[in-house]
2 protein chains.
Amino acid sequence: MTNMTSHIHCQNCSMAALCLPYQLDQEGMARLDTIIQRHKPIQKRDILVHAGAPLKFLYAVRSGSLKSYTIDDNGVEQIIDFHLPGDVIGFDGLSENEHRSYTQALETSMLCEIPITALDELAEQMPGLRRQLWRLMSGEIFTSKQLLGTLNNRTAQQRVAHFLVTLAERFKERGLSSRSYRLTMTRADIGNYLGLSVETISRILSNLQQEGVIEVQNKLVEIIEPLRLREMAQ
Amino acid sequence: MTNMTSHIHCQNCSMAALCLPYQLDQEGMARLDTIIQRHKPIQKRDILVHAGAPLKFLYAVRSGSLKSYTIDDNGVEQIIDFHLPGDVIGFDGLSENEHRSYTQALETSMLCEIPITALDELAEQMPGLRRQLWRLMSGEIFTSKQLLGTLNNRTAQQRVAHFLVTLAERFKERGLSSRSYRLTMTRADIGNYLGLSVETISRILSNLQQEGVIEVQNKLVEIIEPLRLREMAQ
DNA sequence: AGGATTTCCTGATAGAGATCAAAACTAAAG
DNA sequence: CTTTAGTTTTGATCTCTATCAGGAAATCCT
């Protein structure tokens, strides 16, 4: 074994249900597993993919978290996504065969590397895999369009509440606590993503704490009143 | 012939290059054509699909234009997309097998109806079709994420300029004039989509006209200085 | 550990765009 | 052709959040 993580397979991966193997049987998982490489862990601030680089692989997050962002004409970063375990990175690049955004680790993270051409061949033979690819892409289309609605016509407090609720839901899907979690991104990242200034994020987190809806201690968030928070998000 | 439009086929459709048949050969187009139904024209204000309805078909726009929107908990409409000829409607629903948004005609429009199950079977056999489906979905992911960046951290004028430029580009792709076109949506629709009030849209269109960048007369837009407009969009 | 750097918080001010209000215009319907 | 409903425009005011500024806390690095 050249790789200390080579004992990890789709068949025993806890994220399988969210990831590509969803609904595949044991044999299907085994076949998918053969084309997937376990990527060495990447460290905080490391960049996984650069915008413009040829798209050879999709990446599935095994552990940790990352952010994707573009850089506009003025050199300003615009965060478009935060990735958690089970998420697949790179779908936005399929149409042009190159990555359309940068993806950077927010903490030490483990990834699976999925060669596109092999995946295409496999999808031809496996209807379940094909359907799951459609599901994942479709879900990404839906969530990003829903986010549009969230950002438009909503106050700063509603946006932040929505962000916290959505994160909680995502952690729950992954078998983690939806009541308390750690933010791996900075306040500036959250602000950038939601179209708000750092100061506004900080103020609103403080307000939500004063109102007893959440507890915040640095990166740690505890949701005290989930229902009220959900109401605030509308 | 029971249908006055039954002589229209993918093989002679002017939108084929933007739509599903992209890169298919004559035989491929013919096969795709057999599963596609020509839908009867729908009138302005008619609703093509309701959010929550089971997703049996995708729709390709042949002519006309439509808007897609969700309705939030407060009953407020949130427009998430405008569809032009060649666009495929319904990808956001694949993940849950039901439509996630309402789609309404902005003017009399012609549509092609594509049964999902038949499309899946065809995609299994035709790598080119499969790849085009991926392209279209991937493109939709990219553009909606890019729009996020456009709405965040941008002024009202930049948003409107971006909207006008993007529309011009889309018309150009479709072989229409990118210099002058007709807006089929209301100012209120544009505002809703861009997260701005009707009044702001109206004021900014007036300003752009005063500055000589565009001419607006009711629904008709003429772009006088494309480069300056593009600059304004950043 | 100790200094350096980044991140976070809080206050004060200003400005972009929402909202309120009303009139002018356009399109649809009788 | 007249009426009516919907859309667009313009003006005045107000509010939310960006920006500027300073300091506190946390984290990184040697």
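Every chain is numbered from 1 and lettered A, B, ... according to where its sequence line falls, protein lines coming before strand lines.
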- Task: Please work out which residues in residues 64-76 of chain A have a non-hydrogen atom less than 4.0 Å from an atom of DNA chain C and list them by number.
- Result: none
- Query: More than 12 foreign heavy atoms under 6.0 Å from CZ of B:Arg135: is that the case here?
  - Reply: yes
- Message: Once side-chain contact (heavy atoms from CB on, under 4.5 Å) is applied, do any residues pair with A:Leu220, and if so which ones, sequence neighbours excluded?
- Response: A:Arg182
- Mind calculating the distance between CD (A:Gln217) and P (C:dC9) to the nearest angstrom? 11 Å
- Note on the structure: Across all chains, not counting sequence neighbours, the side chain to side chain donor-acceptor pair (under 3.5 Å) partners of B:Ser68 are B:His83, B:Thr103
- Please check if the side chain of A:Glu107 supplies one atom and the backbone of A:Ser65 the other of a donor-acceptor pair under 3.5 Å. yes
- Does the side chain of A:Ser202 get closer than 4.0 angstrom to OP1 or OP2 of C:dT10 through an N or O atom? no
- Please state how far atom CD1 in B:Ile190 lies from atom C1' in D:dT7, giving the value in whole angstrom units. 12 Å
- Query: Which residue pairs pass the salt bridge (charged side-chain N to carboxylate O under 4.0 Å, His left out) test with at least one member in residues 190-215 of chain A, sequence neighbours excluded?
  - Reply: A:Glu211-A:Arg228
- Note on the structure: Here the distance between atom P of D:dG11 and atom CG of B:Asn207, to the nearest Å, is 11 Å
- Message: Using the side chain to side chain donor-acceptor pair (under 3.5 Å) criterion, which residues pair with A:Ser202? Sequence neighbours excluded.
- Response: none
- Excluding sequence neighbours, so at least two apart, what forms side-chain contact (heavy atoms from CB on, under 4.5 Å) with A:Ser178? A:Ala168, A:Lys172
Short N/O separations, protein against nucleotides 5-7 of chain C, under 3.5 angstrom:
none

Under 3.5 Å, N/O pairs linking protein and nucleotides 17-24 of chain D:
residue : atom : partner  : partner atom : Å
D:dT17  : OP1  : A:Ala156 : N            : 2.6
D:dA18  : OP1  : A:Gly195 : O            : 3.4
D:dA18  : OP1  : A:Ser197 : N            : 3.3
D:dA18  : OP2  : A:Ser197 : N            : 3.3
D:dA18  : OP2  : A:Ser197 : OG           : 2.8
D:dA18  : OP2  : A:Thr200 : OG1          : 2.3
D:dT19  : O4   : A:Arg203 : NH2          : 3.0
D:dC20  : N4   : A:Glu199 : OE2          : 3.1

- Note on the structure: Taken to the nearest whole Å, CG/A:Leu106 to C1'/D:dT27 is 16 Å
- Task: Could you list the residues that satisfy side chain to side chain donor-acceptor pair (under 3.5 Å) with A:Glu222, not counting sequence neighbours?
- Result: A:Arg179
- Would you please name every residue forming a side-chain contact (heavy atoms from CB on, under 4.5 Å) with B:Glu98, sequence neighbours left out? B:Glu96
- Item | Protein-nucleotide distance (B:Asn152, atom CG; C:dA16, atom C1'), rounded to Å | 16 Å
- Item | Sequence-distant partners of B:Thr166, side-chain contact (heavy atoms from CB on, under 4.5 Å), two or more places apart | B:His162, B:Arg170
- CD of A:Gln209 versus P of C:dC8: gap in Å, rounded? 15 Å
- Roughly how many Å is it from CD1 in A:Ile201 to P in D:dC16, rounded to a whole number? 17 Å
- Note on the structure: Residues at least two apart in sequence or cross-chain that pass ring pair (Phe, Tyr, Trp, His ring centres under 6.0 Å) with B:Tyr102, listed by chain then number, are B:His50, B:Tyr69
- Could you tell me the separation between the CD atom of A:Gln210 and the P atom of C:dC9, rounded to a whole number of Å? 12 Å
